[in-house]
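All remarks here apply to the structure that follows.
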Amino acid sequence: MNENRSGLRLAGTQTLELTQRSLQNEFRQWVVILPGLIFPLMMAAVYSSQFGRALGLPGFPKVDSFLDFILPGSIVQAVSFGATSAGTALALDIEDGFFDRLMVSPVSRVPILLGRLGGAAVIAAGKAVILILIFLACGARIKSGLSGAVIVTLTASLLVLAIGGLAQSMAIKTRSQEAVGATFPLIFVTIFMSSAFFPTALMDGWFRALAENNPITWTVDPVRRLVIEGWSATDALQALGVPLLLSVLTISLAIRSLQRMLRSV
Amino acid sequence: MNIVNLEIRHSSQVASAICMRGMRRIKSRPVLIIPTIVMPVVLVVSFTGAFSSLTRIEGYGTSNIYNWMAPYGALQGAVFAGLGSVGSSADDLEQGFFDRLLLTPGSRFPLLVGTVGYSACRALIPTTAVFLFSLAFGMTVPGGLPAVISLYIATSLLAVVFCLIGLIILYKLKTQRSLMLMQVIAFGALFISVGQVPQSFMDGWLKVAARYNPITNVLELSRQGFLGDVAWSTTWPGLLALVIMILVSGALAWRGLKRLAP
């Protein structure tokens, strides 16, 4: 029993150490983080200036401005920029041999994956806070107040864990940075095929069906209700629950891929 | 007189060899062209699917979202085709092949013309892909053949513009990594235009920016035949914008090349 507890504590310490390493890597190349902030801000500025008339369409949620509506979508887009980095960084570790060195060191296997994801989640939370502050300065309002803003930030971190877990699974399978990086356009398209930038009620046919069954929509919709309608415990639970479930699923997939890879060596 | 003729012939041979080399590269590595085709088609799918309800608003200009978004998607594809050819040049620069090209006797100008020609040819591929895809999904062409010709002229020349802009940056920074910066410029330029909605839908700074963005004229040139008939009053501002952009970016790229390889 004591052995289990000290094993868990050790794994926790190792995860924290590797998270710190991951964060140091990110901050050393902080310019890489910038497009993930500039691009969603540019899109939000353009969309809020060009879709004002769409607010009057029947089926569009009641909002004070398009800026309020697009806030959750912009945050999802911003964090998606860095979400695959946990995978590409792992693929780089595999390519340059650092991963092999970790394997021969007395580090548990799971913290190697969790450390990278932890770094990405911290960066995502930082991006979400920066975006929320900029949106508020530009006149957006979060009707659920500070507690809503905290839920939005936590959701951003959890979403990165979900996408990052998938990227890590790919990194282990392909062992190629380029292959993992190539998945970014897919994530970009998945965000577009959701309610991130426009309500699904105003979409038609197969695209609407696809958007309604997209996990990004299941995450964005409750977050949006917290922003434009106000506090609701059900929405907060859904906003956190969907990405949490997804991250458990994708991280388990990554751990399984790692175990398979180690067995085959 | 004969020497001048010979030089012109030699220059055109070098330019066409560089252009053909690029096209052969695509043929031998088809994977290179997949993003150029897939990305604009996916953008058309995303924009038409997400924003289809905009056609219900009075003054949008068409009731068929494909007629609005397809030319925009084709121009996006052309821009990425232009930047793709800059990517090939960046590869040549990093791998040392560019140094061998510099050993070619005669002017450096054909090196620039060849790369630009390659980008214009490459732009035909995504334009055709977007056009056929949109046609299959219900796009109509009320302007007939002149509409299709306007679209192809606009996409090919815009690919040339962005190839030249990319080369200005590449000759300065001399690295593949500069492609990221080029993509941000390209995406931004297209975004701040009448790509998704008409000017009458815009407010504030965007309305002013879109009005003075030359890409707006190019978009109107390429889109006119899909919204109605092709008219000279919409054609010439687009052509003029393209010619001015090519002259300015061409002069700067030429200066960059001369500084890089005097």
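Any value given below was found using the heavy atoms of this structure, including those in side chains, with hydrogens, waters and symmetry copies removed. Each chain gets a letter, A, B and so on, in the order the sequences are listed, and its residues count up from 1.
Shown here for A/V46 and B/I192, the closest heavy-atom pair between the two residues is CG2-CG1, 4.2 Å. Across all their heavy atoms, A/F207 and B/S46 have their closest contact at CZ-O, 3.7 Å.
Only the side chain of A/F198 comes within contact range of chain B, judged by heavy atoms closer than 4.5 Å. Proximity to chain B is limited to the side chain of A/F39, based on heavy atoms less than 4.5 angstrom apart. Within the 4.5 angstrom heavy-atom criterion, atoms from both the backbone and the side chain of B/V45 approach chain A. For A/M203, the parts lying under 4.5 angstrom from a heavy atom of chain B are both the backbone and the side chain. Contact annotation for A/A196: neither backbone nor side-chain heavy atoms come within less than 4.5 Å of a heavy atom of chain B. With a threshold of 4.5 angstrom between heavy atoms, A/A211 does not approach chain B through any atom at all.
Comparing B/L43, B/D203, B/V38, B/T48 by heavy-atom pairs within less than 4.5 Å of chain A, the highest count is held by B/D203.
Distance CG/A/L57 to OG/B/S53: 5.0 Å, rounded to 0.5 Å.
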Test side-chain contact (heavy atoms from CB on, under 4.5 Å) on A/L202 and B/R56; report intermediate values, then the result.
CA-CA 10 Å; A/L202 292 173; B/R56 293 180 215 159; 3.7 Å; yes
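Panel note: side chain A/R53, backbone B/S200; a donor-acceptor pair is recorded below 3.5 Å.
Between A/F51 and B/F51, the ring-plane angle classifies as tilted under the 30° and 60° cut-offs.
A/Y47 and B/F191 have their aromatic ring centers within a separation under 6.0 angstrom.
More than 12 heavy-atom neighbours from other residues, nucleotides or ligands sit within 6.0 angstrom of CZ on A/R208.
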